[in-house]
Amino acid sequence: MPRRYWLMKCEPSSYTIDDLERDQTVSWEGVRNYQARNILRDEMQEGDGVLFYASNAKPSGVTGLATIVRRGYPDHFAWAKGHAYFDLAGSKEAPVWYMVDIGFVERFPDVVSLATLKGTRGLERMMVTQKGSRLSVQPCTRAEYNIVVKLGRARARR
DNA sequence: GCCAACGTTGGC
DNA sequence: GCCAACGTTGGC
């Protein structure tokens with residue numbers, strides 16, 4: 001299986017690339033959307049590349065890179081009664097929701113803003129640049145990933 | 001804070 | 001199975 005690439009969103013009020021740099025690895029629980037669940041459960045593999053995206057931020061954009069360090073496994077918070085991520089769907093015996101672990105790779109010196117992504121050739125078809133794109137875990141192509149990495153690193157040379 | 005876009009729920 | 005109502009996401 002060749003290395004694949006993803007974009008994962010998180011609001012800075014919950015977790016940031018700085019938090020990930022401090023923690024080095026973190027479990028990505030709490031995703032409660034079936035399309036995203038399918039990606040977490042079935043598609044992500046250890047070593048895949050992740051664009052770490054800050055949503056609802058000033059500005060929103062890609063703040064760094066991560067990688068999948070543990071492929072999909074059941075999100076046990078889904079059956080923790082009283083927990084914010086508790087969900088009636090599924091059970092320990094028949095899990096519905098899944099999570100992965102991600103690891104820190106690199107923090108960009110500056111955020112690559114959504115406006116920049118939208119204005120960059122080659123990213124016109126990237127999911128995050130489309131209007132109304134709400135999926136919190138999105139696939140992207142290797143070409144798109146590489147373009148964003150270049151943008152993120154280029155800013156260090158200003 | 002506003003509101004458009006989206007996913008989910010539930011009545012019928 | 002349709003679709004209106006609702007709650008959430010997330011850009012601005």
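Per chain, numbering begins at 1; letters A, B, ... match sequence-line order. None of the values given here were measured: they were computed from a predicted structure.
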Expressed in angstrom and rounded to an integer, what is the separation of [X] atom [atom1] from [N] atom [atom2]?
{"X": "A:Lys118", "N": "C:dG11", "atom1": "NZ", "atom2": "P", "result": "8 Å"}
{"X": "A:Gln138", "N": "C:dT9", "atom1": "CD", "atom2": "P", "result": "15 Å"}
{"X": "A:Arg134", "N": "C:dT8", "atom1": "CZ", "atom2": "P", "result": "10 Å"}
{"X": "A:Leu135", "N": "B:dT8", "atom1": "CG", "atom2": "C1'", "result": "15 Å"}
{"X": "A:Gln130", "N": "B:dA4", "atom1": "CD", "atom2": "C1'", "result": "16 Å"}
{"X": "A:Tyr34", "N": "B:dC6", "atom1": "OH", "atom2": "C1'", "result": "17 Å"}
{"X": "A:Met127", "N": "B:dA5", "atom1": "CE", "atom2": "P", "result": "18 Å"}
{"X": "A:Leu114", "N": "C:dT9", "atom1": "CG", "atom2": "C1'", "result": "14 Å"}

Other residues, nucleotides, ligands: >12 heavy atoms within 6.0 Å of A:Gln35 CD: no
Counting only side-chain heavy atoms from C-beta out, which of B:dG7, C:dG10, C:dC12 sits nearest to A:Ser55? C:dG10
Considering only side-chain heavy atoms of A:Lys131, which listed nucleotide, B:dA4, C:dG10, B:dG7, is closest? B:dA4
Of all heavy-atom pairs between A:Phe104 and A:Arg107, which one has the smallest distance, and what is that distance? CZ-N, 3.5 Å
Identify, between A:Gly132 and A:Asn56, the residue whose nearest nucleotide on DNA chain B lies closer to the 5' end. A:Asn56
Treating A:Arg4 as the side-chain partner and A:Gln45 as the backbone partner, does any N or O pair qualify as donor plus acceptor under 3.5 Å? no
Short side-chain N/O contact to [N] OP1/OP2 from [X], under 4.0 Å:
{"X": "A:Lys9", "N": "C:dG11", "answer": "no"}
{"X": "A:Ser60", "N": "C:dG11", "answer": "yes"}
{"X": "A:Tyr53", "N": "C:dG11", "answer": "yes"}

side-chain contact (heavy atoms from CB on, under 4.5 Å) partner of A:Ile39, chosen from A:Val100, A:Asn33, A:Val137: A:Val137
Under 6.0 Å between ring centres, would you say that holds for A:Phe52 and A:Trp6? no
Reckon A:Lys58 touches a base, only the sugar-phosphate, or nothing at all at heavy-atom distances under 4.0 Å? nothing
